[in-house]
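The chains referred to below are lettered A, B, ... by the order of the sequence lines, with proteins before strands, and numbering in each begins at 1. Quick note: numbers below take in every heavy atom, side chains included, and nothing from hydrogens, waters or symmetry partners.
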4 protein chains.
Amino acid sequence: MYGYAMNKKDLQDRLRRIEGQVRGLQRMVDEDKYCIDILTQVSSVQAALKAVGMGLLDDHVRHCVTESIERGDGREKVEELMAAVARFAGR
Amino acid sequence: MYGYAMNKKDLQDRLRRIEGQVRGLQRMVDEDKYCIDILTQVSSVQAALKAVGMGLLDDHVRHCVTESIERGDGREKVEELMAAVARFAGR
Amino acid sequence: MYGYAMNKKDLQDRLRRIEGQVRGLQRMVDEDKYCIDILTQVSSVQAALKAVGMGLLDDHVRHCVTESIERGDGREKVEELMAAVARFAGR
Amino acid sequence: MYGYAMNKKDLQDRLRRIEGQVRGLQRMVDEDKYCIDILTQVSSVQAALKAVGMGLLDDHVRHCVTESIERGDGREKVEELMAAVARFAGR
């Protein structure tokens, strides 16, 4: 059981909303909408994805990382976490 | 006709790929995949969206903005562009 | 004369303030301040630098880029601009 | 003793280098250097600051956060950490 398990429904709802936003982008392109309006929508999908990523990180630290540290074998989890934060903060 | 018109097919292909990646994220959550693996996939969707945004910006500057400056009424377009860059660079 | 010329004093003031913030960071480290407080200060220097970068971009587009497009030789300037936006949006 | 204590010299060296880069920016503005060259230097200061921030986060998680979890009172530290990651990833 991972950290996000208890928020699984909320997470799926967010991902479905993001999928809908991406389909909305395709529709905007199809209908030749104005570039800046499409770009504004791209920025809002990025913000939604970032919120998902932050939520996952948060659940992960609160559960998987905390539990592995409590069990005394947190080192590897911490390495892995920091690599994920670096990738994520790079976007 | 907007700047992205000539790359419309490429843009739609990218957006469909992103839609597929977002559905892949939903599948990962459904199958209780490991948080860090989901987060890695989130980072790669973010990178793909950023590439789409940069491409749109690029086409927009090369066409809409350049043409409006050539016609002598670029001021408003430049204001609008910089606001979009600020939103986009903020993610 | 570049785009930032008219705001040169404001730009120098901002850069001096940033220099002061970076020296403040060194002091915090010297005085063994708490990591999270140092990190918060790092985030605020990042925000200040980003504002400087956005201001430079803005002046650049409004002046150098616009003028070169008006003179009919904007292509190279636009290439160069988009490369700078990509580097800048990557941070 | 905080996480960065053992890397204090390295951290101070990096901060001094960043201070030097910011002074370099002031010199570039004084000498009316080209906007895009100044912006490139701004991007490289941003990258250097980000590396400092990631290093601080890393030391913090490996030491302060890990130790407080081991002592059984990690909850507050984890909240604080995630707030710092969110601020930091926002730049």
Side-chain angles (χ1 to χ4, degrees), chain A residues 1-11 13-15 17-18 21 39-91, chain D residues 1-11 13-15 17-18 21 39-91:
Chain A
M1 284 282 286
Y2 294 121
Y4 62 83
M6 79 193 71
N7 301 315
K8 202 164 155 173
K9 197 197 159 310
D10 172 60
L11 184 54
D13 287 348
R14 284 163 177 269
L15 288 172
R17 225 150 31 226
I18 290 170
Q21 288 179 299
L39 197 62
T40 299
Q41 175 75 348
V42 169
S43 294
S44 96
V45 184
Q46 285 179 301
L49 265 175
K50 185 170 192 172
V52 163
M54 280 304 306
L56 282 167
L57 261 184
D58 203 277
D59 292 333
H60 180 62
V61 173
R62 266 170 232 282
H63 298 94
C64 315
V65 179
T66 297
E67 284 156 26
S68 67
I69 292 172
E70 284 167 354
R71 279 194 316 269
D73 62 338
R75 184 161 314 193
E76 203 188 316
K77 280 277 176 292
V78 166
E79 298 284 345
E80 185 190 62
L81 169 71
M82 296 317 297
V85 169
R87 271 194 307 274
F88 185 67
R91 306 299 167 202
Chain D
M1 283 282 285
Y2 293 122
Y4 62 82
M6 80 194 69
N7 301 315
K8 202 165 157 173
K9 197 196 159 308
D10 171 60
L11 183 54
D13 286 348
R14 283 162 178 269
L15 288 171
R17 228 155 22 228
I18 290 170
Q21 288 179 299
L39 197 62
T40 299
Q41 174 75 349
V42 169
S43 295
S44 96
V45 184
Q46 285 179 301
L49 265 174
K50 184 168 193 174
V52 163
M54 280 304 307
L56 282 166
L57 262 184
D58 203 276
D59 290 335
H60 181 61
V61 173
R62 267 170 231 281
H63 298 93
C64 315
V65 178
T66 296
E67 284 157 25
S68 67
I69 292 172
E70 285 167 352
R71 279 192 318 268
D73 62 340
R75 184 161 315 194
E76 203 189 317
K77 280 278 176 290
V78 166
E79 298 284 344
E80 186 190 62
L81 169 70
M82 295 317 297
V85 169
R87 271 195 307 275
F88 186 67
R91 307 299 167 203

Item to check | Interatomic distance, D:Ile69 atom CD1 to A:Arg62 atom CZ [nearest 0.5 angstrom] | outcome: 11.0 Å
Checklist entry - With respect to chain A, which residue among D:Val65, D:Leu81, D:Leu57 yields the maximal number of heavy-atom pairs within a distance under 4.5 Å? => result D:Leu57
Item to check | Separation between NE2 of A:His60 and CE of D:Met82, rounded to the nearest 0.5 Å | outcome: 9.5 Å
Next on the checklist: Before you tell me yes or no, could you show the steps for A:Thr66 and D:Arg75 under side chain to side chain contact (heavy atoms under 4.5 Å, CB included), namely the whole-Å CA-CA distance, both residues' side-chain angles and the distance that decides it to 0.1 Å?
Outcome noted: CA-CA 9 Å; A:Thr66 297; D:Arg75 184 161 315 194; over 6 Å; no
Checklist entry - Donor-acceptor pair, A:Lys50 side chain versus D:Ala86 backbone, under 3.5 Å? => result no
